[in-house]
Amino acid sequence: MAESSAASNAPFHLTGNFAPVSEERTETALAVTGAIPPELSGRFFRNGSNPQSGWSPHWFLGNGMVHGVEIQNGRATWYRNRYVKTPLLADPERNRIGEDGLIDRHYSCANTHVISHGGKILALEEGSFPFELTKDLETVGAWDYEGRLDTAMTAHPRICPETGELLFFGYGSTPPYLVYYRVARDGTLVQREEIDVKGPTMMHDWNVTRNHVIFMDLPVIFDMELAGKGGFPIRWSDDYGARLGVMPRDGTNDDVVWYEIDPCYVFHPMNSYEDGERIVLDVARFGKLAFGPQDGEGTPSMLHRWVIDQKAGTVSDTPLDDSPADFPRVHDRVVGLPHRYGYMAGMGNGPESLGASLYKYDLSTGKRLTHDLGGCQSGEPVMAAAPGARGEDEGWVMTFVYDPTTDKSDLVLIDATDFEKKPVARIHLPTRVPFGFHGSWIPDEA
Ligand SMILES: [Fe+2]
């Protein structure tokens, strides 16, 4: 089983199909089972953690490697995987803290997400600057929006489908703990606002609507007393509290209205939208997140609906499912707008059981459909819209799927309107793609 069986007592993120691959490859002769929809042309890119040395202290700390498949007129023309070539990859021993005492934001794992906006493809990791890639996955270099980005950038920005703006934030373990940014459709950074939060919260993701952004100030915090013990100096806090901060998209810190909620953690919201005075947020919610061994037992993430009633000043929290799942996505066209459908990777109590099946939720009926992967495991389901699609689920759910019997992976395309049926196409790769984090379908016209 390739590199993966090297150390049976190694942590989960270094074993099985979490273990890194050692080669960068380019393959053009790709076998396909089924038929790739001929109207698809573009690239599916997915980022993940692939420690170059073969070892990292935490799943989140490996060097970023992007795996990509190009599709042209219904043909799979190449697969390639490339490290994101950051200064950290070139010089792992380099001190990230500069002589001025500030963190060097070029020192990036660049391992979490890959998006396209303003004519640039960007590999993202929440502690650092983004890194620009070419369509062939070569690294151009760090991108700091012509010097206007002076903090880290989240790996979970949102592109507004109506304005084309890229909305994001950066958080830090030192002040300023939270900074909001807005980037115009053409890639120009046009707004920067420092936002007050109670402390150094680990804000992985957030929410946007047509007129607002919603920050999640939740009780997973930096604790430098944990530094030096390996992994992250991050823990659950019983004292920090939890709240949601609603701000107009062109607002400032003075405009943020905070709403207290029960302590919990959300890595990943599915989507959010406005409904009159209410804001509806569908999120993958952990009752308690056990970030490290110091935190004891956690609870798995499941789909919940928060409704913020801005008039009454209240937030309701309703479980929508009792089956653990994470990595939620919606159609790019409904980001920040009312959505009917959402897609998630089924998950047990921990990342080791990620993606044994995929879920499609119909939020209008509460019904969940399951795509059984038959003993294989996947990752985040990415919705690739059919060109000219009118229906929200007209398109294909794409994800890399690992088959333990062959120790190889396929890129799978599932018809989202016929979700429980077998994939319309499996693009067979000559290697395995380690389980990773987030990705995008980037059509040629993007
Ligand atoms: Fe994430």
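Ligands are counted one by one from 1 in listed order, and the atoms in each one are counted from 1 as well. The shown structure was predicted, so the numbers you read here are calculated from the model rather than taken from an experiment.
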Under a 4.0 Å N-O cut-off, is there an ion pair linking D321 with R368? yes

Taking atom types as modelled and ignoring hydrogens, do the side chains of D415 and T417 form a donor-acceptor contact shorter than 3.5 angstrom? yes

For the residue pair H13 and H58, confirm or rule out a side-chain donor-acceptor distance under 3.5 Å. no

Got H371 and E420 here, is their nearest side-chain heavy-atom distance under 4.5 Å? no

Name, closest N/O/S atom of H204 to the Fe ion (ligand 1): NE2

Of all N, O or S atoms in H438, which has the smallest distance to the Fe ion (ligand 1)? NE2

Once rounded to 10°, what is the value of the angle centred on the Fe ion (ligand 1) between H156 NE2 and H268 NE2? 100°

